[in-house]
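Bear in mind the structure is a predicted one, so any value in this text is a computation, not a measurement. Below, chains carry the letters A, B, ... as their sequence lines are ordered, and counting in each starts from 1.
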There are 4 protein chains.
Amino acid sequence: MSLRQKKIAKKKEDILRTAVSILAEKGYQGTTMEEIASSLLMTKGSVYYYFKDKQDLLYQSQLMLLQQSLINIKTIQQENLPVVDRFKKAMVAHITYLLDEKSGFEMMVKLEQIFSTEQLEEIFQLRNDYEKCFDQLILEGINDEVFETVEITIVRNTILGAMNWVTQWYSPEGKKDATEIAETVSDYLSRILVIK
Amino acid sequence: MSLRQKKIAKKKEDILRTAVSILAEKGYQGTTMEEIASSLLMTKGSVYYYFKDKQDLLYQSQLMLLQQSLINIKTIQQENLPVVDRFKKAMVAHITYLLDEKSGFEMMVKLEQIFSTEQLEEIFQLRNDYEKCFDQLILEGINDEVFETVEITIVRNTILGAMNWVTQWYSPEGKKDATEIAETVSDYLSRILVIK
Amino acid sequence: MSLRQKKIAKKKEDILRTAVSILAEKGYQGTTMEEIASSLLMTKGSVYYYFKDKQDLLYQSQLMLLQQSLINIKTIQQENLPVVDRFKKAMVAHITYLLDEKSGFEMMVKLEQIFSTEQLEEIFQLRNDYEKCFDQLILEGINDEVFETVEITIVRNTILGAMNWVTQWYSPEGKKDATEIAETVSDYLSRILVIK
Amino acid sequence: MSLRQKKIAKKKEDILRTAVSILAEKGYQGTTMEEIASSLLMTKGSVYYYFKDKQDLLYQSQLMLLQQSLINIKTIQQENLPVVDRFKKAMVAHITYLLDEKSGFEMMVKLEQIFSTEQLEEIFQLRNDYEKCFDQLILEGINDEVFETVEITIVRNTILGAMNWVTQWYSPEGKKDATEIAETVSDYLSRILVIK
DNA sequence: TATGAATGAGTGTTCATTCAT
DNA sequence: CATGAATGAACACTCATTCAT
């Protein structure tokens with residue numbers, strides 16, 4: 001990758017990071033391009049130089065989030081640790097990633113309404129891959145007889161929901177910082193699965 | 001209340017019910033007054049007869065949701081049942097209420113950005129009351145030594161999050177209907193607290 | 001048609017008339033909605049109340065022009081006059097209509113680039129019908145042996161071109177008024193066909 | 001002219017040729033600098049090296065068209081041929097030139113709106129010169145008693161209109177090629193003038 | 001009460017143009 | 001000479017809101 005391409009990639013990522021946090025805070029429709037641009041001390045026109053349109057910005061930020069999350073969880077899954085520890089680590093990673101990026105997995109809009117079929121497929125594929133990793137860990141735990149036998153999909157959705165919602169109530173001003181909150185919540189959620 | 005007033009109240013409630021589900025689906029900014037009106041076979045002008053503006057519609061729908069939820073949980077709290085059962089009943093009620101009304105507690109917008117201070121206070125008060133009910137149940141459970149000793153706020157937020165997120169993944173086409181999902185999720189969430 | 005509908009139809013026609021002349025003068029891309037609106041002492045928003053979008057405005061104005069032209073020529077065609085006279089009358093009508101409406105048949109844009117397939121079909125159908133009327137008159141003249149035997153399509157296109165171009169050079173400040181110009185040009189163009 | 005200057009002149013002409021055909025097809029407002037540049041495998045910036053701005057591009061392409069047309073007609077005018085033949089040759093040259101360059105004399109915009117007074121004067125001067133050549137031929141024909149006595153300006157405008165319009169209906173897929181169409185149309189237009 | 005019509009502020013997007021490298 | 005990046009003014013279009021009837 002040439003220097004120029006690197007510069008572009010860097011700029012794109014800068015924009016995406018900012019977009020992610022604003023979009024997560026105000027939602028897709030509630031966020032203006034102007035807002036995103038001026039947060040970056042850019043003009044609207046410049047943002048359009050890097051991204052085709054607003055939808056493209058949302059799409060690529062979703063991809064970025066999901067791809068990074070997927071890398072995170074896959075890395076953890078391969079570590080040489082008991083399944084219980086890996087599961088907890090995956091939860092902590094999920095929560096801290098969301099809190100650090102000030103992002104949300106739901107951009108507050110029905111994705112179907114703004115994405116093309118191919119885009120939706122890509123997104124759903126990644127989301128699915130991610131969920132499968134969690135399912136895999138749960139299944140492993142059940143087979144190892146350290147987790148209760150449960151309906152995997154429902155439990156996974158429940159746990160993901162609890163984690164995704166953390167962005168709604170976590171306050172940096174509180175007693176615990178992001179990592180501590182992540183640890184605590186993960187501990188509590190573990191109890192749904194772990195056999196005592 | 002005169003007949004006329006009753007008629008008006010009825011109409012208002014009709015509008016609110018529709019508004020709630022559309023707002024929950026598309027978010028505050030993503031929903032147009034036109035959309036709400038035409039869903040009710042009304043014209044925009046008529047909706048404005050009953051509600052001052054869009055924000056008022058959101059405000060009152062939030063109030064309705066919260067007030068009803070509060071009534072639900074208070075009723076349950078006073079029932080003559082073991083705390084574990086009351087807690088589970090409260091969770092089931094919470095989830096089924098959300099799924100039935102096709103609503104969401106978060107209207108996909110930072111409330112601070114659209115509500116006035118007084119309105120925010122009212123909303124937060126109700127939300128707080130509602131959370132306190134849950135906290136109260138949890139505390140009771142701990143005192144009765146049927147629940148683990150936990151950080152109540154965090155556990156409550158975690159559980160509420162898991163429940164609120166159900167609207168994101170529940171599909172009426174799935175194997176379980178709304179009530180069954182609510183029961184199942186509640187069972188799993190109970191494990192966070194219940195001493196085994 | 002109710003009074004209300006009549007009012008709407010009237011307003012739509014007003015807008016179309018203005019749009020036609022501005023679009024003809026400045027071309028599709030060179031005309032702004034703002035311009036059209038303010039020519040009518042309206043706001044942009046109002047124009048959008050009557051027409052879906054700019055393209056719709058162009059489409060409907062083309063339809064109006066073509067439909068009226070078609071009525072004009074069909075009326076003339078049925079008059080009980082020698083074919084030479086009817087042909088000349090048709091030419092005069094064509095030119096004066098364009099000059100009166102300050103319009104042009106070509107809105108200075110490749111129609112294919114802005115219209116949908118169905119819209120294009122409708123336009124081309126009408127255009128074709130109109131051309132067929134001219135062709136019919138020419139054919140009649142040939143059969144009556146008052147017109148030379150010619151390649152009908154090419155002659156018709158040549159004559160239509162000469163007439164359509166009049167809007168480019170006619171000036172109301174000149175010696176002749178619109179009708180006189182139309183008469184004169186038609187006389188000259190007749191010479192292409194009439195046997196002497 | 002140095003080699004460098006020649007290279008620049010060559011490049012300018014390349015750009016103008018491309019610009020002419022795109023501008024003729026899409027109109028001034030409908031054509032983007034990007035489009036012109038990328039048709040030439042250049043970047044926008046490069047085009048700006050050769051031409052001050054978009055208007056300059058249009059201006060110079062008009063000049064080029066008119067100057068070439070003027071040369072064409074003047075050459076023909078001086079040929080040692082009967083006026084009827086020279087007139088027809090002029091028409092054929094006019095039409096084939098337009099069709100070959102895929103150009104149009106009207107760039108679909110009121111010239112007054114984009115050109116400066118001096119530029120307009122230059123353009124009008126050339127246009128006038130060109131028209132005068134036609135007028136001259138017509139006058140000659142009248143004096144030679146091979147053309148009917150006509151109102152020269154009107155006839156010339158009518159004929160020019162018919163010729164300019166050919167670009168609107170000529171299709172390379174048709175039975176006749178550009179030259180044949182030009183010949184045919186010229187023959188028909190001759191009949192307006194030639195005494196039989 | 002209800003509504004059709006109008007409004008205007010705001011938003012996404014385009015594009016001619018500039019300029020540092 | 002060439003270009004990539006940035007800019008900002010302009011424009012199409014939307015939509016909450018108002019108001020006369």
Side-chain angles (χ1 to χ4, degrees), chain A residues 2-5 7-8 11 28-37 40-57 114, chain B residues 4 7-8 11 28-38 40-58 114, chain C residues 2-5 7-8 11 28-37 40-57 114, chain D residues 4 7-8 11 28-37 41-58 114:
Chain A
S2 74
L3 179 63
R4 168 158 295 147
Q5 283 174 315
K7 263 175 112 176
I8 288 194
K11 196 107 192 185
Y28 182 67
Q29 324 257 9
T31 304
T32 70
M33 293 300 278
E34 179 65 43
E35 217 171 342
I36 292 173
L40 288 153
L41 303 178
M42 284 178 162
T43 56
K44 261 187 301 180
S46 291
V47 178
Y48 275 93
Y49 184 79
Y50 294 97
F51 296 92
K52 211 172 89 11
D53 53 24
K54 192 180 178 184
Q55 185 253 65
D56 188 34
L57 206 48
I114 52 169
Chain B
R4 145 179 291 198
K7 263 174 106 178
I8 290 188
K11 197 108 189 185
Y28 181 67
Q29 322 259 9
T31 303
T32 69
M33 293 299 277
E34 177 64 42
E35 221 169 346
I36 293 172
S38 71
L40 289 152
L41 304 179
M42 284 178 163
T43 58
K44 268 187 295 182
S46 292
V47 177
Y48 275 92
Y49 181 79
Y50 296 98
F51 297 92
K52 207 172 106 336
D53 52 26
K54 192 182 178 183
Q55 184 253 69
D56 188 34
L57 204 49
L58 178 60
I114 51 169
Chain C
S2 75
L3 179 63
R4 168 158 295 148
Q5 283 174 315
K7 263 174 112 176
I8 288 194
K11 197 107 193 184
Y28 181 67
Q29 323 257 11
T31 304
T32 69
M33 293 299 276
E34 179 65 42
E35 218 172 340
I36 293 173
L40 288 153
L41 304 179
M42 283 178 161
T43 57
K44 257 188 305 179
S46 291
V47 178
Y48 276 95
Y49 184 80
Y50 294 97
F51 295 92
K52 210 172 90 10
D53 53 24
K54 192 181 176 183
Q55 186 253 65
D56 188 35
L57 204 48
I114 52 169
Chain D
R4 144 179 290 196
K7 263 174 105 177
I8 290 188
K11 197 108 188 184
Y28 181 68
Q29 323 259 9
T31 305
T32 69
M33 293 299 278
E34 178 65 41
E35 220 169 344
I36 293 172
L41 304 179
M42 284 177 160
T43 58
K44 268 187 294 181
S46 291
V47 178
Y48 275 92
Y49 180 79
Y50 296 98
F51 296 92
K52 209 173 103 340
D53 53 25
K54 192 183 179 184
Q55 185 252 67
D56 188 35
L57 205 48
L58 178 60
I114 52 169

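- Close approach of DNA chain F to chain B, defined as any atom under 4.0 Å from a non-hydrogen atom of the protein, starts and stops at F/dC15 to F/dT18.
- Across all strands shown, B/I36 has no heavy atoms under 4.0 Å from either base or sugar-phosphate atoms.
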Given protein heavy atoms under 4.0 Å, the one-letter contact record of nucleotides 7-14 of chain E, with B base, S sugar-phosphate only and - none, is simply BB-BSBBB
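- Contact of the B/T32 side chain with the B/E35 side chain is registered, since non-hydrogen atoms from C-beta on lie closer than 4.5 Å.
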List the atom pairs, with distances to 0.1 Å, where a side-chain N or O of residues 43-50 of chain C and a protein N or O form a donor-acceptor pair under 3.5 Å, not counting sequence neighbours.
| unit_1 | atom_1 | unit_2 | atom_2 | d |
| --- | --- | --- | --- | --- |
| C/T43 | OG1 | C/S46 | OG | 3.4 |

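- Within the 3.5 Å criterion, the main-chain N or O of A/T31 finds a donor-acceptor partner in the side chain of A/K54.
- Both key distances under 3.5 Å define a Watson-Crick or G-U pair, and stretches of 3 or more such consecutive pairs in DNA chain E run E:2-21 with F:2-21.
- Taking OH from D/Y28 and CG from D/L57, the interatomic distance works out to 8.5 Å, rounded to the nearest 0.5 Å.
- Within 4.0 Å of B/Y50, counting heavy atoms only, lie sugar-phosphate atoms of the nucleic acid but no base atom.
- Between A/D53 and A/M33, the closest side-chain pair of non-hydrogen atoms is not below 4.5 Å.
- Rounded to the nearest 0.5 angstrom, C/I8 CD1 and C/S2 OG are separated by 8.0 Å.
- Contacts of C/Q55 classified as side chain to side chain donor-acceptor pair (under 3.5 Å), with partners at least two apart in sequence or in another chain: C/Q119.
- A/D56 is linked by a side chain to side chain donor-acceptor pair (under 3.5 Å) to A/Q60, counting only residues two or more places apart in sequence or in another chain.
- Toward the 5′ end of DNA chain F lies the nearest nucleotide of D/K11, the other residue of the pair A/K11 and D/K11 mapping further downstream.
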